[in-house]
Structures are given as structure tokens and as C-alpha cells.
Amino acid sequence: MGGLNAALSSGKTSMQANQKSIEITGLNIVNVDTPGYSRQTPNLAPYPALNTGDFFVGRGVTVESILRSHDVFLAGQISDKSADKGVESAMSSPLAEVERVLGIGEGSLAYSFDQYFDSIRQLSTNPGGEVERQLVLQQGALISDAFSTVITELQSAQNNINATLTSKIDGVNQTTAEIADLNVRISAIEQSGQVANSDRDRRDLLLKNLSESIGAVSYETSNGNASVTLPNGMPLVEADRNTLLEGYPSGADVALRLKFGSTDLNLDKNALGGEFRGLYEVRDVLMPDLTSRLDQLAYSFASEVNTQHQAGTGLDGVSGRDFFTPITTVAGAASSLSVNLTSTAQLAAGTSAAPGDNTNIINILGLEQAQTIGGDNFVSYYGKITATIGIEAARNKTSLTGLEDSLVQLENLRDGIDGVSLEEEMINLLKYQNAFEASAKFLSTVDEMMATMLALKR
Amino acid sequence: MRATSTTTYRSLGFFLDRTSTRMADLQKQIATGKRMTRPSDDPTAISPLMAANTQIKNTERYTKTINSGLDKIKNMEGHLDTINNVMIRMREITIAAGNGGYTSTDLQTFADEIGQLREQLIDSGNAQVDGKYLFAGFNDKTTPFTWDPVARTVSYAGDQGSLKYEVSPGESVEVNISGSALMQGDLNNDGVTDPGKFDIFSLITTVEDALLANNPSGAIAEIDNIVTANDQVLTLRSLKGNTASRLENGLRSMSQVAIDMHEMKSRFEDADLLATMTSLQQQESAFQAALTMTGKISKISILDYI
């Protein structure tokens, strides 16, 4: 009887193991579209054999553990590339905005310069004309408006960046809190010798997101905790504790700091990665550069025109007037440009008060092509400013496309190795079903044998 | 590497995304006709494009300036012709008066006509276009020449301003003649009649006074001076004729420059429609193929076979 009983028992283990396997297959199938899910496989192993009489006979099969397919190298690559992609993708909308503001077509600053000098050129053929003089004053006001519009729109782009930064802070804090929770659960589960498969999947996904948003770097400690730091090494998550990220006003901008209980650590752009870094780059590097160059342009323009205008005399016989309100400092020049003259008679078209005198106008016209700003005239200097943003935006576009390409490749690789393939799962399903059916057949055969045996005695 | 449904759908989605973005770009280029609408479309083309824009704008203005200069000179030409005729008539009268045999009454009549010629000269000198005096230098809102019947002199209220028009980058052309240069022989604009030149008005007064004083030989003595004074007008007239032909040339070269600049601007800015359409068609067929493939893939399933 010992043999048949043992067979029954081993058949039972097979039924159980295959049921478990089917369950795992089912889990894989339902999670086929879950982001970050790693395929799980039952690790089937025979029960240790027993020495019965002269033979070692096995006692059945068991699911020893559930394995989670995981490629550390790919996960690290995806994390790195996500951080790079975060930088570029966060830059792309502010860059598009700035590109629109510093345009090249009609309505751009270059166009305003052309219009302004055109009105002066028109005045040169009729220097005493009231309408022509009015036009020059109007174009002066228009170019002042154009400068201040550009500055205002750059500021509003900057405000948008600040709003975006603020909105992303909560997301980071929630993510780090969840990672800290997961650390607790994973180390608790894994202390008992099991593997916390789905918790690890979830944590990997969160780490990838965190890498994309703030460029966080992580490594795993020996007890299964993920230790997360900022690119400069400051801790975000340490075992069960996460450090809170906080935004605080710094001038007109939002700055970031880490809160360590009683002390705070202010973060500069080098401490950050990912989307935060991208936003900081546009806000703290590109925009101040563009603004200061626009200021320089406005300052040079105003002072050059003023100097030449002072040399002339208005219809009222007064000379030495400024065309634009004098600007004392380069900083903020673009937003403070305004026309100083209050009447058309004050416009100094000539070097005398004679209405037909256009000599000074001809001199002012010379400024249009004069290389007054370091080898550039006004329009070509503006052209260089737009070229800077154009080159940056084009670089961003190319780089973002490339990073998206490689991320898709990497994620495909990861899903190819760790992800769920429906075909494979269906075949596994067949396999486990067949094994289950075979075990059942086996059991019923053993049952028949037992019945036969029991029928021996009437 | 295994291809799973996730990887297949991700790749497909990514490809469709890319292709539709590219198609949207191309469609925008075709719709606007421009390949450059933002600085990032071609950063290297920004500088030449802006320079072309400035030049196109300037060329339009130079053309208007040149035309306005030509108008001014054409107007001047008529008045200079009148002045020339007046001088010729004056010479005729002076020669006739010098023939002898005329009574003092006859000479008086000649003197009257000379006086009228002076009026005519003053009128021509005070010629206006568009409310501005042609021969007044910069002071073009004030009547330049006035006859003082008591002192028997003509005073000049204009100045020696030389009105220059910028007719091409850095090139200015003088488009006026100051009244003092024309009538008073002050070509170097120092306010004093140049040596060898004549103040036409005082010449007329001298002749008139001689005739009134019954002194025809006094009038005859001025004939050479009248001829020289006429030359003075003719010289200025031919100078302006030269300026006019220079302006005409400028006008022609401006229209050529405008064509060149538009061509250059178009090269940097405009989309090559043929090439753009072709690549749009390429993208469209790629897109269609991808869509068809998507349909096919979702039809094939292991579930149909087990």
C-alpha cells in the first residue's frame, strides 16, 4: 500500500503545483499592459527523495519560489535616459514659447527696426513735413512698445516655468513618500525569505519617474531598500524616511530646498536633474542671457539715436534734445525704452531750424547700418539673439527625438526580456493545463488500482 | 529579444506619432509656403533673412526717394528753362537798345520790359512745389526773393542749404539748387558772389538803370556779363540734368536689387513646394502602411488557434 499512497500524495503535489502555475500565468496575462510589470515564473522543484527500501523515490513536485524576471542593466539604462529625456522634454515648451516671442517675421523686433528707419528715411525727403514727423514719433513709440512686449512675454514665460516647477514639487514628494513605504514593505517581506515581486515592480517604476522628473539616482542596499539621492548626492529617500522638497520664493522666481527637520538645504541648478534641471536651464541660464542682450540692444539703440539727435536742431531752434528718454543703465533698458520728444517740432531733422534741412536725418540714417554693437548693427544683433534661441530650440528638438528613440528601444528591450508575451503565456497555460490533466489521470489510475486492490478481499 | 504585444504596440504607436508629426510639419510648410516660420527651423538663415528684409524695405523707400528727387528736378527744370529764356530776352533787348536811333521814350519802354523780366525772374526764383520753395535752400517755407523798390535791390531770405537725398546705402545726391547759387552766383555757399560769377538781379538793375538814364552804351557794356550770367544758370541746369540721369540709373538698379533680394529671401524662407509635396506623399504612404499593419496585427492572435 505504501507505494500507492505515495503515488497519491505525489499526484496531489502535482495538482497543487500546476494550479499555482496556472494562477501565476493568469497573473501575467492580466498584467500584460501594466507599465513596469515584470513577468513572473513558477520555480518548480521536486520534493526531496526518500529512501524507501533500496531506492530513492521522489515525493512529488512543489513551487519552490516565484521568480521575477529583472534586468538590472536595462533598468539602469532606462533610468539614465529618462533623466536625460526629462531635461529636454521640460525645455521644449518654454523654448517654443521664447521662440515665438523672439520671432523673425512681421511683428518681430527686426521688423520694428526696419519700420523705424523707414519712417526716418521717409522724413528725409520732406524734413519739414508734419505728417512725416508724426510718423517718426509714432514709430519710435512702436519700437519702444515692441521692446517692452518682448520683455513682458519673456517674463510671462518665466512665470509659466515657475508655475510648472511648483506643480511638480508635490509629485516628487508623493513619489519619495511612496518609495519609502515600499522600502518598508519590501524589506519586511524579504526578511522572511520571500521576494516582494510586485512591490519591486512598482518601486522600479517610481524610481524611473523620479529620475525623469528630478534626475534622482538610486542604488539598492543589502537589505533590499532603495536609497535615492539627487544628482549632487543629497538624500531623497533613505530606508523608510523621505526628505521633503519645498519651493520658496526667491525674488520673482521659485527656488527649491530640501527640508531636513530643523535645517534646510537650498538647491541650485547643479543639484537637480531631469525636468527640474531643464526648467532651471531655460529660466536661469538662457532667459537672463537673452534679456541682457535685449537690454544691450535697447541701450545701444537709444543712446546712439540720442547722441545723433542731440547734434541736430528742432524746428523750434532748440538743439541737444534726446529722442528717447535717456537710459542710464544697461540692465532693464529694454523695458524702459520710451520716446522723449513731446511734439513734432522738437524732432531735430536738420542742423539748423530751417524746415527743409535734412542733414541730421541723413546722419541718423547712417546708424541703421553702423556697427554700433560689437561689430553688429541693430538688426543683425537682434538676428544673433534669435539665432541663439533658434540653435538651442533646434538642438532640443533633435536631442529629444534621439532620446525618445533610444528610450523606446530600451523599453522594448526591457519588455522583450522582462515583459509579458501573450503567446508564451498561452503556451504555458496549455502546458500547465496538460500537466494538470495528466496528474488527474494519474490520480484516477491510482484510485482504480486501489479499488482493484480493495476488491481482492470479498 | 522577444517581441511581445507591448513592444509591438509601443513601436507602432511611436512610429505613427512620428509620422503624423512629420506630416503636420510638411502640411504647415505647404499651407504657408514657407519652410522657415520659427528661428529653430534654420538658425543659420536668420541673419541673411533679416538683412534681406531690411534691404527690401529700404529698396522700396529708396525707390520712392529717387522718384521724389526726380520730381523735384523735373519741376526745377521748367523754371530753369524760364530763367534761361528771360536771360536770352534780356540780351536781345540790350542789343536792340544799343543799336542807337532810339528815343529816350523808346529806351524807357525797353527799361519797362527789363523790369518785367526781373519780375519774371523773381517769380521763377520763388517757384513752389508742394508748398515748399524750390530755390530757398533749407529755408523752404519762406519766400526767398523780394524786390525792394526803394533800395532797388532783391534780397535773398533763403540759405545755402544743400538738400541731399540718400538714394542708395551711404550714397547721397544733392537735389536742390540754392537761390543764392542760381541768382547770386554764390556756388560755394559762403554768402558772397563768387569771383567770375554774377548776381543776376543786380545785373538787371544795372541794365535797367542805364536804359532809364538814356545811356544805351552803358547797357551794351553788360552784354558779355549777361551771357556769362546765363552760362551760370545753364551750368547749374546741366548739373541737375546729370543728377537726374544718375537718379534714373539708380531707379533701374533699385528694381534689380529688389528682384535679387526677393529671390534671396525666398531661397532662405520659402518651401520648395515640389520637394515638400513629394515627401508629404512619402510620409502619407508610410503612415497608411503602418495603419494597415496595425489592423493586421490585431487580427492575428494565438487565441484563434488554441
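To find a chain, count down the sequence lines: A is the first, B the second, and so on, and within it residues start at 1.
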Tell me, side chain or backbone of A:Glu411 under 4.5 Å from chain B's heavy atoms, or both, or neither? both

Any B:Ile302 side-chain heavy atom under 4.5 Å of A:Glu424 side chain: no

Which atoms of A:Leu102 approach chain B - backbone, side chain, both or neither, heavy atom under 4.5 Å: backbone

For chain B, find which of A:Glu368, A:Glu392, A:Gln369 contributes the most heavy-atom pairs closer than 4.5 angstrom. A:Glu368

Does any part of the side chain of B:Asn53, heavy atoms only, come nearer than 4.5 Å to the side chain of A:Glu106, both counted from C-beta? no

Under 4.5 Å heavy-atom distance to chain B, tell me which part of A:Ala110 shows up: side chain, backbone, both or neither. side chain

Any side-chain donor paired with an acceptor under 3.5 Å for A:Lys384 and B:Ser47? no

Do B:Lys57 and A:Gln115 get their side chains close enough for a donor-acceptor pair, meaning under 3.5 Å? yes

Between atom CD1 of A:Ile104 and atom CZ of B:Arg38, what is the distance when rounded to the nearest 0.5 Å? 10.0 Å

Is the number of heavy atoms from other residues, nucleotides or ligands under 6.0 Å of B:Lys240 NZ greater than 12? yes

Less than 4.5 Å apart, side chain to side chain, heavy atoms only: is that true for B:Arg61 and A:Gln122? yes

Interchain contact, A:Thr388 with chain B, by part (heavy-atom threshold 4.5 Å): neither

Rounding to 0.5 Å, atoms CD (A:Glu423) and OG (B:Ser301) come to a distance of 7.5 Å

Is the side chain of A:Arg121 donor-acceptor paired with the backbone N or O of B:Asn58 at a distance under 3.5 Å, no angle test? no

With no hydrogens and no angle check, is any side-chain donor or acceptor of A:Asp357 less than 3.5 Å from a backbone partner on B:Gly161? no

Side-chain (B:Glu166) to main-chain (A:Ile362) donor-acceptor, under 3.5 angstrom: no

Check whether any side-chain heavy atom of B:Phe138 sits under 4.5 Å from a side-chain heavy atom of A:Thr359, and report yes or no. yes

Minimal heavy-atom distance between B:Asp140 and A:Pro355, with the atoms involved, is OD1-CG, 3.4 Å

Most chain B-contacting option - heavy-atom pairs closer than 4.5 Å, from A:Asp405, A:Leu365, A:Ile389: A:Asp405

Contact part of A:Asn396 toward chain B, heavy-atom cut-off under 4.5 Å: side chain, backbone, both or neither? neither

Could you go through the side chain to side chain contact (heavy atoms under 4.5 Å, CB included) check for A:Asp118 and B:Lys64 one step at a time? CA-CA 11 Å; A:Asp118 188 56; B:Lys64 284 181 190 157; over 6 Å; no

What part of B:Ser68 gets within 4.5 angstrom of chain A, counting heavy atoms only: side chain, backbone, both, or neither? side chain

Which atoms form the tightest heavy-atom contact between A:Ala394 and B:Pro43, and what is the distance? CB-CG, 4.5 Å

Contacting moiety of B:Thr37, where chain A heavy atoms sit under 4.5 Å: backbone

Got a second to check how far B:Ile46's CD1 is from A:Ile391's CD1, nearest 0.5 Å? 7.5 Å

Given heavy-atom pairs under 4.5 angstrom as the criterion, report whether the side chain, backbone, both or neither of B:Ser172 touches chain A. side chain

Got a second to check how far B:Lys141's NZ is from A:Leu315's CG, nearest 0.5 Å? 7.5 Å

Is it true that A:Asp415 and B:Thr4 share a donor-acceptor pair across their side chains at a distance under 3.5 Å? no

Under a 4.5 Å heavy-atom cutoff, which of A:Leu422, A:Val420, A:Val32 has the most pairs with chain B? A:Val420

Quick one: are B:Met50 and A:Ser380 in side-chain contact, heavy atoms under 4.5 Å? no

Compare every heavy atom of A:Gly356 with every heavy atom of B:Leu163, then report the nearest pair and how far apart it is. CD1-O, 3.4 Å

Selection from B:Leu303, B:Val175, B:Thr54 maximising heavy-atom pairs under 4.5 Å formed with chain A: B:Thr54

Taking the side chain as C-beta and beyond, is there a heavy-atom pair between A:Asp33 and B:Tyr9 under 4.5 Å? no

For A:Thr125, is there any backbone N or O sitting under 3.5 Å from a side-chain donor or acceptor partner on B:Tyr165? yes

In terms of heavy-atom pairs under 4.5 Å, which option from B:Asn139, B:Thr142, B:Asp130 contacts chain A the most? B:Asn139

I'd like to know if the side chain of B:Ser11 pairs up with that of A:Asn412 as donor and acceptor (distance under 3.5 Å, no hydrogens or angles considered). yes

